[in-house]
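This report concerns only the one structure given below.
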Amino acid sequence: MMRHGPRMVVAAGVLWGTAATAGTIALQAGVAAEPRSLAAARLVIGGAALALVAGAAAWGVLRRHPVTILLGAAAVAAYQLCYFAAVARTGVAVATVVAIGSGPVFTGLLSFLYDRVRPTRRWVLATGAAVAGSAVLIVGGDARVGGEVLSGVLLALGGGVLYAFYAVTAARVIGWGSDSNAVMGAMFGGAAVFMAPLLLVFGASWLTGPAGLTVALYLGIATTALAYVLYGKGLRTTPVASAATLALAEPAVAALLGFAVLNEPLTVMSASGLALLGVGLVVVALPERAQSTV
C-alpha cells in the first residue's frame with residue numbers, strides 16, 4: 001500500500017498535470033496570453049497564496065535561512081525562464097522530456113552530493129523506467145521539434161538542474177525542522193517577487209477579462225499553491241530523489257487529459273510510454289524492504 005508521503009507527491013503531480021490542459025482551454029476560449037506571461041501570472045499568484053497561507057512562519061524561515069531560501073526562490077523563477085526559452089528553441093515535446101525527465105536524475109545526484117544519500121538499486125531502475133516512459137509518452141505524440149535544438153536542450157537541462165536544486169533545497173530546510181508550508185511560502189513567495197516584473201514585461205492585460213482571470217487563478221491556486229502544499233507535506237517523509245520521480249505523474253496526467261478532454265490522439269507508442277511510466281511510479285512509491293545500494 002502506498003505510504004502517506006508518496007500519495008501527497010503524486011497528488012501534487014496530478015495537479016501539475018492539469019496545467020497544460022487548463023492553459024490550452026483558455027487559449028481556445030480566446031484568452032490572448034503570451035505563454036511567458038501566463039507562467040509569470042501562475043507563479044506570482046501561487047507564490048503569493050503560499051506566502052499568505054504560511055503567514056509569519058514564512059518570514060521566520062527566511063530569517064533563519066536567508067541565503068538558502070533566496071537561492072531556492074531564484075531557482076524556482078529561473079526554471080520557468082529556462083523552460084520557456086527551451087520550448088521556443090526545440091518545441092514543447094523535447095523541452096519537456098529533457099527538463100522534466102532529467103529532474104529526477106539531477107535530484108538523485110544532488111542528494112548524494114549534499115547529504116551522501118546513496119540511491120537504491122530499485123530507485124535507479126524505476127527512475128530509468130519512468131524517465132524513459134515520459135520520453136516515449138511525449139515524443140510518441142504529435143510532436144514537432146524546433147530549430148535551435150542544441151541550445152534548447154542545454155537550456156532544458158539547465159531547467160532540470162534548477163528544478164532539482166530547489167526541490168533538494170526545500171527538502172533540506174524541511175529536514176532541518178522547518179514547517180513545510182512555511183518553507184514553500186518563503187521560497188515561492190520570493191519567486192513571485194522575482195517574477196512580478198516579468199508579468200509586466202510580457203503583458204498582463206489578459207487578466208482583466210473573466211476567462212483570463214479564471215484560468216490564472218486556477219493555475220496559481222490549484223496547480224501551484226495547493227500542489228506545492230501537498231508536495232511539501234510529501235517531502236516530510238519521502239526522500240527527495242523518490243519525490244522527484246513520483247512527480248513524473250505530471251506528464252502522465254497531462255497526456256490522459258489531452259486524450260480525454262482535448263481529443264488528442266493516443267498512439268500505441270504514447271500508450272506504451274504511459275504504461276512504462278506508471279510501472280516506474282508504482283515501484284518508487286512502494287515501501288523499501290531492504291536498503292540495498294548501487
Side-chain angles (χ1 to χ4, degrees), residues 1-24 39 42-43 46 50 76 79-80 83 92-93 95-108 111 123 126-138 141 159-160 162-164 166-168 170-171 174 180-181 184 187-188 218-261 270 273-286:
M1 184 177 181
M2 194 186 296
R3 294 157 291 165
H4 178 71
R7 282 201 300 268
M8 297 293 99
V9 176
V10 170
V14 169
L15 286 170
W16 292 329
T18 67
T21 299
T24 300
R42 173 188 180 185
L43 194 51
L50 283 165
V76 171
Y79 168 79
Q80 300 288 328
Y83 176 71
V92 174
T96 303
V97 167
V98 176
I100 295 179
S102 66
V105 178
F106 288 127
T107 303
S111 294
W123 178 87
T127 298
V131 170
S134 298
V136 173
L137 173 64
I138 298 171
L162 289 164
Y163 166 80
Y166 77 71
V168 171
I174 292 169
S180 61
N181 286 347
M184 292 300 174
M187 192 173 293
F188 279 80
Y218 176 77
L219 291 174
I221 302 301
T223 73
T224 303
L226 178 57
Y228 276 99
V229 166
L230 294 170
Y231 189 66
K233 290 182 182 300
L235 286 178
R236 294 175 183 173
T237 56
T238 307
V240 66
S242 297
T245 302
L246 291 169
L248 291 175
E250 176 184 353
V253 171
L256 289 172
L257 286 176
F259 171 69
V261 178
S270 295
L274 188 62
L276 185 59
L277 172 56
V279 169
L281 297 183
V282 169
V283 171
V284 170
L286 291 173

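Note that the coordinates shown come from a computational prediction; the quantities given were computed from them, not determined experimentally.
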When you compare the side chain of Val229 with that of Met184, does any pair of heavy atoms fall below 4.5 Å?
no
Do Lys233 and Asn181 touch side chain to side chain, with heavy atoms closer than 4.5 Å?
yes
Could I get the full list of side-chain hydrogen bond (donor to acceptor under 3.5 Å, both in side chains) partners for Thr224, not counting sequence neighbours?
Arg42
For the CG atom of Leu162 and the CD atom of Gln80, what is their distance to the nearest 0.5 Å?
10.5 Å
Minimum-distance pair of heavy atoms, taken over all atoms of Ser111 and Ala241
OG-N, 4.3 Å
Applying side-chain hydrogen bond (donor to acceptor under 3.5 Å, both in side chains), name anything that partners Tyr79, two or more places apart in sequence or on another chain.
none
With the side chain counted from C-beta on, respond yes when Leu15 and Leu226 share a heavy-atom pair under 4.5 Å apart, and no when they do not.
yes
Could you list all the side-chain hydrogen bond (donor to acceptor under 3.5 Å, both in side chains) pairs where at least one residue sits in residues 10-23, not counting sequence neighbours?
Thr18-Tyr218
Identify the heavy atoms of Thr245 and Pro104 that sit nearest to each other, and give their distance.
OG1-CB, 3.7 Å
Looking only at non-hydrogen atoms, find the nearest pair between Ile174 and Ser180 and report the distance.
CD1-CB, 3.7 Å
Indicate the atoms forming the closest heavy-atom contact of Tyr163 with Gly103, along with that distance.
CD2-CA, 3.9 Å
Side chains of Val9 and Leu230: does their closest heavy-atom pair fall under 4.5 Å?
no
Shortest non-hydrogen separation from Thr238 to Ala243 and the atoms involved:
CG2-N, 3.9 Å
For Tyr166 and Phe188, take the angle between the two ring planes, folded into 0 to 90°, and tell me which bin it lands in: parallel under 30, tilted 30 to 60, perpendicular over 60.
perpendicular
Please report the closest heavy-atom contact between Tyr231 and Ala244, naming both atoms and the distance.
OH-N, 4.3 Å
